[in-house]
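Everything on this sheet refers to the single structure shown next.
So that the names make sense, note that chain A is the first sequence line, chain B the second, and so on, each numbered from 1. Just so you know, these numbers come straight off a predicted model, no measurement behind them.
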2 protein chains.
Amino acid sequence: MRKENSTNTLNKQNLEKECGMSYALTTIGGRWKPAILWRLCKGKMRYSELRDAIPNVTERMLVLQLREMEKDGLIKRIVYAEVPPRVEYEMTVKGNSLRPILKSLSDWGDENRL
Amino acid sequence: MRKENSTNTLNKQNLEKECGMSYALTTIGGRWKPAILWRLCKGKMRYSELRDAIPNVTERMLVLQLREMEKDGLIKRIVYAEVPPRVEYEMTVKGNSLRPILKSLSDWGDENRL
DNA sequence: CAGCATCCAACACGATACTG
DNA sequence: CAGTATCGTGTTGGATGCTG
């Protein structure tokens, strides 16, 4: 009988019990997160810049992924009290601590995709 | 109008055009891949060992994820012509080239999940 | 400008039963 | 032992239209 516990759905808590790798991968592995992180690694960007820089992303998904990464403390959302409104996104300290890993992943990917 | 090309679905080809990071993350980022890779990093294992070592995984998902990683060249499937049958899974050279990155991800995760 | 709300299709995933 | 087949469902994500 392969059913050790009651919570069978995938969530961060489940994963945490297993190992940090899963936590890391669910944190950066979202559908559009690589694309976003890739851009933000090069410096802060405003919402419309991100949207225009990432091909095919819908605003719905862009916002969802940004919110998740904000919640996870990877990025900062900075709202300027201006008209028209301006919002910028920027890596946090925690987000920047991922830089070398993101670079490694990117390099590995470039070398290994045929 | 945000629709540059016709193939709007997510696939490796799409991602490749963007950057290696997405390729890397879709390659190792499956639902059970971290758990599998984590085990196989420590040495070859047979199917039943993997199944028993990973809590809550169904055989269906285990096989699906193993097949994907085999297809991506990360792991090797070794079938012994014996009765009862024996199948072992092992990291390939390409898979092993991921080791330091997997370690980094794991360490980052352990440090950053609260 | 920077989003949010709603709807809906596709897919991922689990449960269960069966097999070479 | 090491899987496969089938089914049902919850989630993911795209399309579209609306808003402070």
Side-chain angles (χ1 to χ4, degrees), chain A residues 1-12 14-15 22 25-26 29-36 39-40 44-71 75-90, chain B residues 1-12 14-15 22 25-26 29-36 44-71 75-90:
Chain A
M1 220 91 304
R2 343 205 54 269
K3 197 173 177 64
E4 282 79 342
N5 62 30
S6 56
T7 60
N8 216 1
T9 48
L10 176 64
N11 56 47
K12 289 266 169 71
N14 277 24
L15 295 174
S22 295
L25 283 170
T26 53
R31 173 68 180 83
W32 298 99
K33 289 180 187 178
I36 297 170
R39 269 77 178 188
L40 289 185
K44 71 171 71 163
M45 292 178 77
R46 35 194 308 188
Y47 176 77
S48 54
E49 289 177 321
L50 273 172
R51 188 195 54 207
D52 297 344
I54 302 176
N56 298 327
V57 74
T58 59
E59 301 201 318
R60 169 185 149 76
M61 286 314 297
L62 181 58
V63 172
L64 281 176
Q65 302 269 286
L66 284 169
R67 293 287 181 277
E68 255 184 67
M69 291 197 291
E70 191 191 354
K71 185 158 153 283
I75 61 173
K76 243 186 312 240
R77 180 169 177 269
I78 307 163
V79 185
Y80 296 86
E82 300 175 0
V83 183
R86 180 160 60 108
V87 176
E88 288 183 340
Y89 293 92
E90 183 180 14
Chain B
M1 217 96 303
R2 336 207 61 268
K3 198 173 177 63
E4 281 79 340
N5 62 30
S6 55
T7 61
N8 214 0
T9 48
L10 174 63
N11 57 47
K12 289 264 168 73
N14 277 23
L15 294 173
S22 295
L25 283 170
T26 54
R31 173 66 180 84
W32 299 97
K33 288 179 187 178
I36 296 169
K44 71 169 73 162
M45 290 178 79
R46 34 196 307 189
Y47 174 78
S48 54
E49 288 177 323
L50 273 172
R51 188 194 56 208
D52 297 344
I54 302 175
N56 298 328
V57 75
T58 60
E59 300 201 320
R60 170 184 149 75
M61 286 315 295
L62 181 58
V63 172
L64 282 175
Q65 301 270 286
L66 285 169
R67 293 286 182 277
E68 256 184 68
M69 292 197 290
E70 192 191 353
K71 184 157 154 283
I75 61 174
K76 241 185 316 240
R77 179 168 175 269
I78 308 163
V79 185
Y80 296 87
E82 301 175 357
V83 183
R86 180 160 59 108
V87 176
E88 287 183 340
Y89 292 92
E90 184 178 13

A/V83: side-chain contact (heavy atoms from CB on, under 4.5 Å) partners, not counting sequence neighbours: none
Counterpart residues, salt bridge (Lys or Arg N to Asp or Glu O under 4.0 Å), relative to B/R77 (two or more places apart): none
Under the side-chain contact (heavy atoms from CB on, under 4.5 Å) test, residues paired with B/R60 that sit two or more places apart: B/T58, B/L64
Rounded interatomic separation in angstrom, taking CG from A/L62 and P from D/dT16: 18 Å
Degree of bending, the helix from C/dC1-D/dG20 to C/dG20-D/dC1 (end axes from five pairs; round to 10°): 60°
Proximity to the side chain of A/P85 - top-ranked nucleotide from C/dC13, C/dG3, C/dC1: C/dC1
Residues in side chain to side chain donor-acceptor pair (under 3.5 Å) contact with A/E88, at least two apart in sequence or another chain: A/Y80, A/R86
Most 5' of B/Y89 and A/G30 on DNA chain D, judged by nearest nucleotide: B/Y89
Residue closer to the 5' end of DNA chain C, A/R46 versus B/M61 (nearest nucleotide): A/R46
Under 3.5 Å: donor-acceptor pair, side chain of B/E59, backbone of B/R51: no
Donor-acceptor contact present, side-chain A/Q65 to main-chain A/K33, <3.5 Å: yes
B/S48 vs D/dA2: side-chain N/O to OP1/OP2 distance below 4.0 Å: yes
Heavy-atom protein contacts under 4.0 Å, nucleotides 4-10 of chain C, coded B base, S sugar-phosphate only, - none: S-B----
Any A/W32 side-chain nitrogen or oxygen under 4.0 Å from OP1 or OP2 of D/dG14: yes
